[in-house]
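Beneath this line is the structure, given in structure tokens, with notes to follow.
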Amino acid sequence: MTSVAASITENQFDVAIAGGGVVGLVLAAGLRHTGLKIAIIEALPKEQALTKPQAYAISLLSGKILAGLGVWENIKDSIGHFDRIQISDNDYQGTVPFTKEDVNELALGHVAEHPVILQALENCVEQCPRITWFRPAELIGFTEGEKHKQVTLQQEDKEITLQTKLLVAADGARSRIRSLAGIKTKGWKYWQSCVAFTIQHQAPDNTTAFERFCDTGPMGILPLPGDRAQVVWTMPHHKAHSLINLPEADFIGELRQRIGDRLGEFRLVNARRLFPVQLMQSDCYVQPRLALIGDAAHCCHPVGGQGLNLGIRDGAALAQVIATAHNQGEDWGSLAVLKRYEHWRKPENWLILGFTDLLDRFFSSHWPPAIALRRLGLEVLRLVPPAKKLALRLMTGLLGRRPQLATGQR
Ligand SMILES: Cc1cc2nc3c(=O)[nH]c(=O)nc-3n(C[C@H](O)[C@H](O)[C@H](O)COP(=O)(O)OP(=O)(O)OC[C@H]3O[C@@H](n4cnc5c(N)ncnc54)[C@H](O)[C@@H]3O)c2cc1C
């Protein structure tokens with residue numbers, strides 16, 4: 001088989017990644033030792049991209065992928081880690097504690113703020129001379145060539161044209177590339193919105209994450225360094241809108257009613273932000289010379305903190321598929337190669353989309369049989385160790401096929 005020749009002219013690339021968020025940069029970092037010439041196109045200026053006030057639960061598998069990329073050492077002391085997750089259902093007395101011992105790991109999960117993880121990935125890719133940034137630059141269109149895609153960018157007041165053997169859409173939930181490619185999606189908007197914010201508290205121990213289910217929606221509380229916690233509070237739209245607009249003291253009062261005194265005294269340390277919630281799965285993740293990753297391909301309910309973790313796995317999986325094809329002299333932009341990525345990731349993402357949807361619906365239900373069944377489910381999780389381990393392996397990412405990056409192989 002003949003090798004696909006590397007590109008040589010200035011605006012010809014082997015892979016162009018539109019979207020320099022965490023997911024796009026995981027892919028870029030995963031490809032940095034392949035010798036492929038890579039473009040990263042990011043619409044936001046660097047300073048703006050690095051100030052997004054969001055924090056994410058980072059699963060054990062995502063931690064291993066970040067370690068495989070060499071960025072873990074640089075972030076591990078600046079992020080939160082939790083040893084336990086406590087799950088509770090409304091005012092039901094039985095809570096299910098999951099602990100790190102259940103999975104034989106040093107922690108059960110991690111919590112990273114967006115600037116910390118994005119900066120570490122940026123540092124990693126900036127060391128690679130084969131990676132070129134276009135920023136701030138917006139992808140505004142593309143056309144098909146026989147062996148490449150021709151991509152048009154808007155950078156300040158000028159248009160730039162690039163050629164690439166593969167265009168990757170890492171441009172988020174409202175992906176322009178997905179629309180331009182005519183890829184349809186399935187899914188729905190939830191009846192709920194999320195209010196996300198950070199608090200500083202006085203709990204003596206900051207190593208427990210909480211997932212509290214309530215009939216209006218779940219609330220996740222994730223430990224951050226410096227006695228802080230990221231809270232994601234899901235509730236019906238009208239309630240979420242009114243909470244966002246409440247004076248801070250009243251908002252704290254509502255929050256206290258919901259979480260009790262488990263965190264001692266607390267105060268808000270950043271603004272409350274409102275997010276709509278949706279489930280979305282693209283009909284396909286790939287076309288010839290095109291692949292979707294992260295939120296461009298799928299979105300899920302934030303219960304369980306899975307969205308970014310799925311995207312990190314997409315990025316690592318696609319990097320592996322491209323690198324393997326490149327080593328074997330195959331055309332990594334061909335549909336046959338890209339289908340390997342889709343066959344790997346789409347079913348695994350469906351599983352989490354379905355599971356998080358079920359969790360939200362089941363735990364918000366007022367229907368007595370559903371209430372009885374979920375309490376039985378909690379008791380099963382509490383009392384039957386294999387059931388608990390299976391649920392944990394699913395939510396920590398350890399159940400599916402692991403990218404080589406997570407296993408220490410390249
Ligand atoms: C309240 C809330 C809490 C969440 N909590 C968690 C959690 O705990 N754990 C978790 O795993 N996930 C969580 N998620 C999900 C997570 O935020 C997303 O899944 C994740 O941010 C998606 O990353 P991405 O890189 O795919 O997309 P994005 O972060 O949206 O990045 C897309 C990038 O593409 C750029 N871009 C867009 N269009 C263009 C264009 N035309 N040209 C060039 N660049 C472009 C954008 O500027 C952006 O930088 C949460 C979501 C919400 C709403």
Side-chain angles (χ1 to χ4, degrees), residues 16-28 39-46 48-59 61-63 80 82 109-114 117-118 121-122 133-142 151-155 160 167-180 190 192-198 209 211 217-222 224 230-234 240 272-278 280 292-315 349 352-353 356 395-397:
I17 304 167
V22 172
V23 172
L25 294 192
V26 164
L27 172 64
I40 303 173
I41 304 148
E42 171 52 49
L44 294 178
K46 185 177 173 118
Q48 200 177 331
L50 283 169
T51 49
K52 188 168 158 186
Q54 179 67 36
Y56 317 98
I58 298 292
S59 70
L61 182 66
S62 296
F82 49 91
H110 319 281
V111 190
E113 288 164 288
H114 184 80
I117 187 167
L118 194 71
L121 285 162
E122 286 199 6
W133 278 91
F134 293 86
R135 169 164 80 177
E138 202 175 334
L139 183 147
I140 54 170
F142 58 86
V151 175
T152 309
L153 318 183
Q154 181 79 44
Q155 190 162 37
I160 301 174
L167 172 63
V168 179
D171 54 345
R174 285 186 287 178
S175 169
R176 177 181 278 188
I177 300 176
R178 189 184 64 229
S179 310
L180 290 172
Y190 283 91
Q192 300 152 317
S193 297
C194 279
V195 179
F197 51 93
T198 309
E211 190 71 65
M219 175 192 272
I221 306 174
L222 301 164
L224 282 168
Q230 162 83 6
V231 183
V232 179
W233 190 356
T234 314
R272 292 159 268 174
R273 286 156 292 119
L274 188 71
F275 297 92
V277 186
Q278 63 167 328
M280 185 277 284
L292 312 182
I293 58 175
D295 275 21
H298 47 75
C299 298
C300 63
H301 195 288
V303 61
Q306 294 292 314
L308 182 69
N309 291 295
L310 298 183
I312 290 175
R313 264 177 268 169
D314 292 346
N349 289 335
I352 293 291
L353 265 57
T356 49
M395 297 309 272
T396 53

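All ligand and atom numbering here is 1-based and tracks the order in the structure. Numbering of residues begins at 1 and proceeds along the displayed sequence.
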Notebook entry, point to check: Checking Asn349 side chain against His298 main chain: does a donor-acceptor pair fall under 3.5 Å?
Noted result: no

Next item on the list: Would you confirm whether Thr234, through its side chain, and Pro218, through its main-chain N or O, come within 3.5 Å as a donor-acceptor pair?
Entry: yes

Notebook entry, point to check: Looking at residues at least two apart in the chain, or sitting in another chain, which of them share a salt bridge (Lys or Arg N to Asp or Glu O under 4.0 Å) with Arg176?
Noted result: Glu138

Note to self: One pair to check against side-chain contact (heavy atoms from CB on, under 4.5 Å): Met395 and Glu211. What are the steps and the verdict?
What the structure shows: CA-CA 13 Å; Met395 297 309 272; Glu211 190 71 65; over 6 Å; no

Notebook entry, point to check: What part of Cys299 sits under 4.0 Å from ligand 1 if we count only heavy atoms: the side chain, the backbone, both or neither?
Noted result: neither

Item checked: Heavy-atom proximity to atom 33 (C) of ligand 1, best of Glu42, Arg176, Gln230 -> Glu42

Margin query: Return the closest protein heavy atom for atom 24 (P) of ligand 1 as residue, atom name and distance.
Written below: Val23 CG2, 3.7 Å

Checklist line | Gln230 side chain vs Gln54 backbone, donor-acceptor pair below 3.5 Å | finding: no

Note to self: My understanding is that only residues two or more places apart in sequence, or in another chain, count here; which of them pass salt bridge (Lys or Arg N to Asp or Glu O under 4.0 Å) with Lys46?
What the structure shows: Glu122, Glu126

Margin query: Among Ala170, Ala55, Gly109, Gly304, which one puts a heavy atom closest to atom 32 (C) of ligand 1?
Written below: Ala170

Notebook entry, point to check: Step by step, would you call Leu308 with Val23 a side-chain contact (heavy atoms from CB on, under 4.5 Å)?
Noted result: CA-CA 7 Å; Leu308 182 69; Val23 172; 3.8 Å; yes

Next item on the list: Could you tell me whether the side chain of Thr51 and the main chain of Gln48 form a donor-acceptor pair under 3.5 Å?
Entry: yes

Next item on the list: Please confirm whether the backbone N or O of Ile352 pairs with a side-chain atom of Thr356, one donor and one acceptor, at under 3.5 Å?
Entry: yes

Notebook entry, point to check: Is the closest N or O pair between Leu44 and ligand 1 shorter than 3.5 Å?
Noted result: no

Note to self: Applying a heavy-atom cut-off of 4.0 Å, say which part of Ala137 lies close to ligand 1: side chain, backbone, both or neither.
What the structure shows: backbone

Item checked: Heteroatom proximity flag, Glu138 to ligand 1, N/O under 3.5 Å -> no

Note to self: What protein heavy atom lies closest to atom 1 (C) of ligand 1? Include the residue and the distance to one decimal.
What the structure shows: Phe275 CD1, 3.4 Å

Checklist line | atom 28 (P) of ligand 1: nearest protein contact (heavy atom, Å) | finding: Gly172 CA, 4.3 Å

Item checked: Protein residue, atom and distance nearest to atom 26 (O) of ligand 1, heavy-atom basis -> Asp295 N, 3.0 Å

Next item on the list: Please work out whether any backbone atom (N, CA, C, O) or any side-chain heavy atom from C-beta onward of Lys52 is under 4.0 Å from ligand 1, and answer side chain, backbone, both or neither.
Entry: side chain

Note to self: Return the closest protein heavy atom for atom 7 (C) of ligand 1 as residue, atom name and distance.
What the structure shows: Ala57 N, 3.4 Å

Check: What is the closest protein heavy atom to atom 41 (N) of ligand 1, and at what distance does it sit?
Finding: Leu139 O, 3.2 Å

Margin query: Under a 4.0 angstrom heavy-atom cut-off, which atoms of ligand 1 come close to Gly294?
Written below: 26 (O)

Checklist line | ligand 1-proximal atoms of Tyr56, by part, heavy-atom distance under 4.0 Å | finding: both

Note to self: Is it the case that the side chain of Asp295 and the backbone of Gly311 share a donor-acceptor pair, with hydrogens and angles ignored and the cut-off at 3.5 Å?
What the structure shows: no

Item checked: Working for side-chain contact (heavy atoms from CB on, under 4.5 Å), residues Val151 and Leu139 -> CA-CA 7 Å; Val151 175; Leu139 183 147; 3.4 Å; yes

Checklist line | Structural part of Gln54 in contact with ligand 1, heavy atom criterion under 4.0 angstrom | finding: side chain

Note to self: Please compare Ala18, Pro276, Ala43 and report which has the shortest non-hydrogen distance to atom 44 (N) of ligand 1.
What the structure shows: Ala43

Next item on the list: Compare Ile312, Asp171, Val277, Leu153 and give the one whose heavy atom is closest to atom 36 (N) of ligand 1.
Entry: Asp171

Note to self: Taking only non-hydrogen atoms of Ala49, do any sit less than 4.0 angstrom from ligand 1?
What the structure shows: no

Check: Do side-chain atoms of Arg135 reach the backbone of Gly20 as a donor and acceptor pair under 3.5 angstrom?
Finding: no

Next item on the list: Mark whether atom 51 (C) of ligand 1 lies under 4.0 angstrom from at least one protein heavy atom.
Entry: no

Notebook entry, point to check: Which option out of Leu310, Leu308, Leu118, Ile177 puts a heavy atom nearest to atom 11 (O) of ligand 1?
Noted result: Leu308

Next item on the list: Among all protein heavy atoms, pick the one closest to atom 34 (O) of ligand 1 and tell me residue, atom and distance.
Entry: Gly19 CA, 3.3 Å

Check: Checking Arg272 side chain against Val195 main chain: does a donor-acceptor pair fall under 3.5 Å?
Finding: no

